[in-house]
Amino acid sequence: MQIAVVSLFPEMFGAVSEHGVTGRAVGQGLVTFGHHNPRDYTDDRHRTVDDRPFGGGPGMVMKIAPLQQAIAAARAQLAPVARVIYLSPQGTRFDHAKALELAQAQSLILVAGRYEGVDERLLESEIDEELSIGDYVLSGGELAAMVVVDAVIRQLPGVLGHELSALEDSFADGLLDCPHYTRPEVYQGRAVPDVLLSGDHERIRRWRLKQALGRTQQRRPDLLEGRTLTAEEQELLALYRQEQD
Ligand SMILES: CCN(CC)Cc1ccc(CNC(=O)c2csc3nc[nH]c(=O)c23)cc1
């Protein structure tokens with residue numbers, strides 16, 4: 001997969017392109033990662049990328065031409081059919097299903113805005129879809145673009161080893177994760193649940209599933225609404241509730 005970002009702060013993206021699972025994927029060539037800065041496509045002395053909004057109001061709006069030229073440069077570098085996504089508070093909510101969908105694309109161009117946003121005519125002419133990562137106000141689209149990059153790269157074949165398989169990502173099967181423990185067995189008087197030390201893999205599987213179901217019910221009951229429970233899951237959830245009472 002090829003990914004290009006269009007942003008005034010391309011150096012921010014090192015957080016995903018140079019670290020961790022995603023950084024390794026880039027290093028291994030499983031994904032190529034490029035960036036284009038609209039400021040490099042300005043032709044005035046002050047390298048102007050923004051201007052005052054027509055109709056008045058607070059803040060500034062990003063100008064069309066520098067963005068359009070940066071996107072054109074990204075298109076020229078990528079496989080012909082690139083999906084162009086604008087990160088925006090007005091976008092549809094990014095979720096696991098969208099991450100899976102985008103991971104099928106040959107190439108992605110992610111456009112991150114600053115200021116109050118971009119001229120609507122740029123969206124009309126260049127953007128295939130707008131994505132938001134949630135209902136809170138960020139200072140720009142870069143962090144949202146990095147969230148999308150991270151979630152999409154994890155879904156690419158070969159990125160996660162078998163132990164981290166994308167299918168086991170808890171959001172893949174619609175449940176929150178169970179608790180995790182590692183050495184020491186007792187820390188400041190707090191012990192690891194015996195079941196996890198038992199070596200009884202079936203008992204451990206059931207315990208983990210019970211915890212995942214119980215925590216999902218307690219913290220994110222909305223996730224259970226869209227999910228049918230198997231007979232075993234119903235039994236385990238009932239057991240969890242009994243143990244809580
Ligand atoms: C809330 C929209 N605007 C109120 C008049 C102002 C505004 C706030 C923040 C931004 C910058 N945010 C993003 O570019 C952004 C891009 S994706 C995203 N997802 C969640 N929250 C976000 O703020 C974003 C742009 C305009």
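Whatever order the structure lists ligands and atoms in, that order sets their numbers, starting from 1.
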- Task: Would you sort out whether Asp40 and Arg47 count as a side-chain contact (heavy atoms from CB on, under 4.5 Å), showing the intermediate values?
- Result: CA-CA 8 Å; Asp40 298 336; Arg47 308 187 75 205; 2.9 Å; yes
Ligand 1 to Leu131, heavy atom cutoff 4.0 Å, flagged ligand atoms 17 (S)
Next on the checklist: Taking the side chain as everything from C-beta on, heavy atoms only, tell me whether Val137 gets closer than 4.5 Å to Pro89.
Outcome noted: no
The answer for which part of Arg114 has a heavy atom under 4.0 Å from ligand 1 is neither
With a cutoff of 4.0 Å, is Leu143 in contact with ligand 1, counting heavy atoms of the residue only?
no
### Message
Between Gln217 and Arg241, do the side chains contain a donor N or O and an acceptor N or O under 3.5 Å apart?
### Response
yes
- Message: Pairs of nitrogen or oxygen atoms closer than 3.5 Å, one from Ser88 and one from ligand 1: do any exist?
- Response: no
request  = For residues Val31 and Gln2, determine if any side-chain heavy atom of one lies less than 4.5 Å from a side-chain heavy atom of the other.
outcome  = no
- Message: Check this for me, if you would: do Glu142 and Arg114 make a salt bridge, where the nitrogen-to-carboxylate-oxygen distance has to be below 4.0 angstrom?
- Response: yes
Per-atom filter on ligand 1: closer than 4.0 angstrom to a heavy atom of Tyr115 are 25 (C)
Short side-chain donor-acceptor distance under 3.5 Å, Gln218 and Tyr240 | yes
Looking only at protein heavy atoms, what sits closest to atom 10 (C) of ligand 1 is Leu138 O, 3.6 Å
Under a 4.5 Å cut-off applied to non-hydrogen side-chain atoms, are Ile109 and Val6 in contact?
yes
Closest to atom 8 (C) of ligand 1 among protein heavy atoms sits Val137 CG1, 3.4 Å
A student checking ligand 1 against Leu87 at a 4.0 Å heavy-atom cut-off should list atoms 16 (C), 17 (S)
(message) Regarding Asp177 and Arg215, does a basic nitrogen lie under 4.0 Å from an acidic carboxylate oxygen?
(response) no
Report task. Indicate yes or no: does an N/O atom of Ala144 lie under 3.5 Å from an N/O atom of ligand 1? Result -> no
Numbered in order shown, the ligand 1 atoms found under 4.0 Å of a heavy atom of Tyr136 are 20 (C), 21 (N), 22 (C), 23 (O)
Within-shell test, Gly140 vs ligand 1, heavy atom, strictly < 4.0 Å: yes
Worksheet item: For ligand 1, is Phe94 a contact, meaning one of its heavy atoms is under 4.0 Å away?
Response: no
**Request:** Answer yes or no: is there a side-chain heavy-atom contact under 4.5 Å between Phe9 and Asn37?
**Result:** no
Open item on the list: I'd like to know whether CZ of Arg75 has more than 12 heavy-atom contacts from other residues, nucleotides or ligands below 6.0 angstrom.
Closed with: yes
Under 4.0 Å between heavy atoms, the region of Asp135 that gets near ligand 1 turns out to be neither
Of Gly134, Pro89, Gly91, the residue with the heavy atom nearest atom 20 (C) of ligand 1 is Gly134
Near Gly141 (heavy-atom distance under 4.0 Å), the atoms of ligand 1 are 13 (C), 14 (O), 16 (C)
Closest heavy-atom pair, Thr42 versus Pro66, reported as atoms and distance to 0.1 Å, is CG2-CG, 4.0 Å
* Is there a nitrogen or oxygen of Ile133 sitting under 3.5 Å from a nitrogen or oxygen of ligand 1? -> yes
re atom 3 (N) of ligand 1, the protein heavy-atom contact at minimum distance is Glu116 OE1, 4.2 Å
Atom 22 (C) of ligand 1 protein-contacted, heavy-atom criterion under 4.0 angstrom: yes
